[in-house]
Amino acid sequence: MDPLFGDELVQRPIPELPPGAHFVPGFLTLEQQRWIVGQFHRWVEGPVPLHSTTIRGNPMSVRTVCLGWHWRPTGYTREAVDVNGRRVLDFPDWMGRLGRRALTTATGDESAAVRYRPDTALVNFYDSTARMGMHQDKDEKADDPVVSLSIGDSCRFRFGNTETRNRPYQDLELRSGDLFVFGGPSRLAFHGVLGTRAGTAPDGCGLTSGRINITMRVTGLSG
Ligand SMILES: O=C(O)CCC(=O)C(=O)O
Ligand SMILES: [Fe+2]
């Protein structure tokens, strides 16, 4: 996409979202996106590689590397017991600072944002065929918000309600640099990724194909 006089100058509509859900288009600059993609290339070198997590016997189409704590469907551990048993990389300080800034921007509630202490990030990589079914992020023992950042190809993101996978939900496009936050009454809302749109990553974001999504969370665990 041409970075000058492209879609980025057109005001993007903010959909009506349930209380606790916030969408901030274009939160990250291209330079910040590129820098984070550089970090991503280091994270995937290990100790734990990008891997497809197995859920109910089926490998997810998304591949993931975790920071701070390792997620699998039965919960969080420090070691990637379902991959290679190695301890995951520490959760980076800069990411916590970014999470607090993201919350301030998204919610305007600076006093809550300064207390936000995410201790894990699930870093997902979507190739052009990857998707993520409707689910709740409910393996955390704390109810702090989830902060989600997207880089690379756009995706179709579905954000629903806390009761069922079905309507009411909102479909929105998450583009490179966008921020999405869900907390409060929407913390356990079902959500998923219907698919990505190949070739939509903007020039200069650091990724030429695929999509990275980072979700920061507070596990509520210690040790
Ligand atoms: O890729 C996304 O935007 C959402 C990822 C997600 O829901 C998750 O990792 O639990
Ligand atoms: Fe999720």
Side-chain angles (χ1 to χ4, degrees), residues 15 17-18 20-28 33 36-37 40 43-44 50-56 59-76 80 82 88 91 95 99 102 106 118-140 142-162 164-165 169-183 186-198 200-201 205 207 209-219:
L17 289 166
H22 306 270
F23 174 47
V24 184
F27 173 70
L28 295 171
Q33 295 169 46
I36 293 172
V37 173
F40 171 78
W43 298 332
V44 302
L50 265 185
H51 56 277
S52 300
T53 304
T54 298
I55 299 198
R56 291 181 293 274
M60 292 173 74
S61 55
V62 169
R63 289 180 299 147
T64 307
V65 63
C66 301
L67 306 173
W69 291 87
H70 177 80
W71 176 81
R72 70 190 160 121
T74 48
Y76 286 99
D82 57 338
V88 299
F91 183 86
M95 197 179 280
D119 61 345
T120 190
L122 274 64
V123 182
N124 294 316
F125 182 77
Y126 294 75
D127 66 17
S128 61
T129 62
R131 293 143 31 109
M132 192 179 288
M134 292 293 278
H135 67 278
Q136 295 167 294
D137 293 356
K138 59 174 185 194
D139 295 319
E140 298 74 30
D143 58 6
D144 303 70
V146 174
V147 168
S148 160
L149 296 168
S150 297
I151 301 176
D153 284 336
S154 303
C155 81
R156 203 85 203 132
F157 181 68
R158 178 164 290 176
F159 192 77
N161 62 84
T162 55
T164 77
R165 290 179 163 70
Y169 50 65
Q170 281 280 349
D171 287 348
L172 51 148
E173 186 174 70
L174 294 183
R175 294 188 194 164
S176 201
D178 288 356
L179 162 67
F180 196 89
V181 168
F182 47 107
S186 285
R187 174 62 180 78
L188 292 179
F190 283 90
H191 58 279
V193 172
L194 307 180
T196 60
R197 293 205 294 130
T200 53
C205 77
L207 266 189
S209 66
R211 168 175 185 263
I212 293 172
N213 173 262
I214 299 176
T215 52
M216 298 175 215
R217 304 137 186 243
V218 177
T219 62

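Keep in mind the model is a prediction, meaning the values are calculated, not measured. Read the numbers this way: they start at 1 and go in the same order the structure lists the ligands and their atoms. FYI, side chains are in, hydrogens and waters are out, and symmetry mates aren't considered; it's all heavy atoms of this structure.
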Q) Is the His51 ring parallel, tilted or perpendicular to the His70 ring (thresholds 30°, 60°)? A)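 If you compare the ring of His51 with that of His70, the planes turn out tilted.
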Q | Plane angle bin for His191 and Phe157 - parallel if under 30°, tilted between 30 and 60°, otherwise perpendicular | A | tilted
Checking contacts here: is it the side chain or the backbone of [X] that comes within 4.0 Å of ligand 1, counting heavy atoms only? Could be both or neither.
X	answer
Thr64	neither
Phe180	neither
Arg131	neither

Q | N/O separation below 3.5 Å, Arg217 to ligand 1 | A |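 Looking only at distances, the answer is yes, because the N/O contact criterion of under 3.5 Å is met.
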**Q.** ligand 1 to His135 polar contact by distance, N or O atoms, under 3.5 Å
**A.**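 Yes, His135 has an N/O under 3.5 Å of an N/O on ligand 1.
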Which heavy atom of the protein is the closest neighbour of [atom], given with residue, atom name and distance?
atom	result
atom 9 (O) of ligand 1	Asn124 ND2, 2.8 Å
atom 3 (O) of ligand 1	Arg211 NH2, 2.8 Å
atom 6 (C) of ligand 1	Met132 SD, 3.5 Å
atom 5 (C) of ligand 1	Asn213 OD1, 3.4 Å
atom 1 (O) of ligand 1	Tyr126 OH, 2.4 Å

(Q) Go through it in stages, so that I can follow the logic: the residues are Phe180 and Phe159, the test is ring-ring contact (aromatic ring centres under 6.0 Å, His included), and I'd like the CA-CA distance, side-chain angles, deciding distance and then a yes or no. (A) CA-CA 10 Å; Phe180 196 89; Phe159 192 77; 5.0 Å; yes
Q) Can you name the N, O or S atom of His191 that is closest to the Fe ion (ligand 2)? A)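 The His191 atom nearest to the Fe ion (ligand 2), restricting to N, O or S, is NE2.
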Q: Could you tell me whether Arg131 atom CZ has more than 12 heavy atoms of other residues or ligands within 6.0 Å of it?
A: no
Q. For Thr219 and Asp119, does a side-chain donor sit closer than 3.5 Å to a side-chain acceptor?
A. yes
Q: For Pro15 and Phe23, work out which heavy atoms get closest and say how close.
A: CD-CD2, 3.7 Å
(Q) Please give me the minimum heavy-atom distance between Ala201 and Leu207, naming the atom from each residue. (A) CB-O, 3.6 Å
Q | Pairing of Arg158 and Asp171 as salt bridge, 4.0 angstrom limit | A |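 Between Asp171 and Arg158 there is a salt bridge, with a charged N closer than 4.0 Å to a carboxylate O.
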Q. Counting N and O atoms only, with roles assigned by atom type, does the side chain of Thr200 sit under 3.5 Å from a partner on the main chain of Ser154, one being a donor and the other an acceptor?
A. yes
Q: Please calculate the OD1(Asp137)-the Fe ion (ligand 2)-NE2(His135) angle and round it to 10 degrees.
A: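 About 90°, to the nearest ten degrees.
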**Q.** Atoms of ligand 1, numbered as shown, that sit under 4.0 Å from any heavy atom of Asp137
**A.**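 The list of qualifying atoms is 10 (O).
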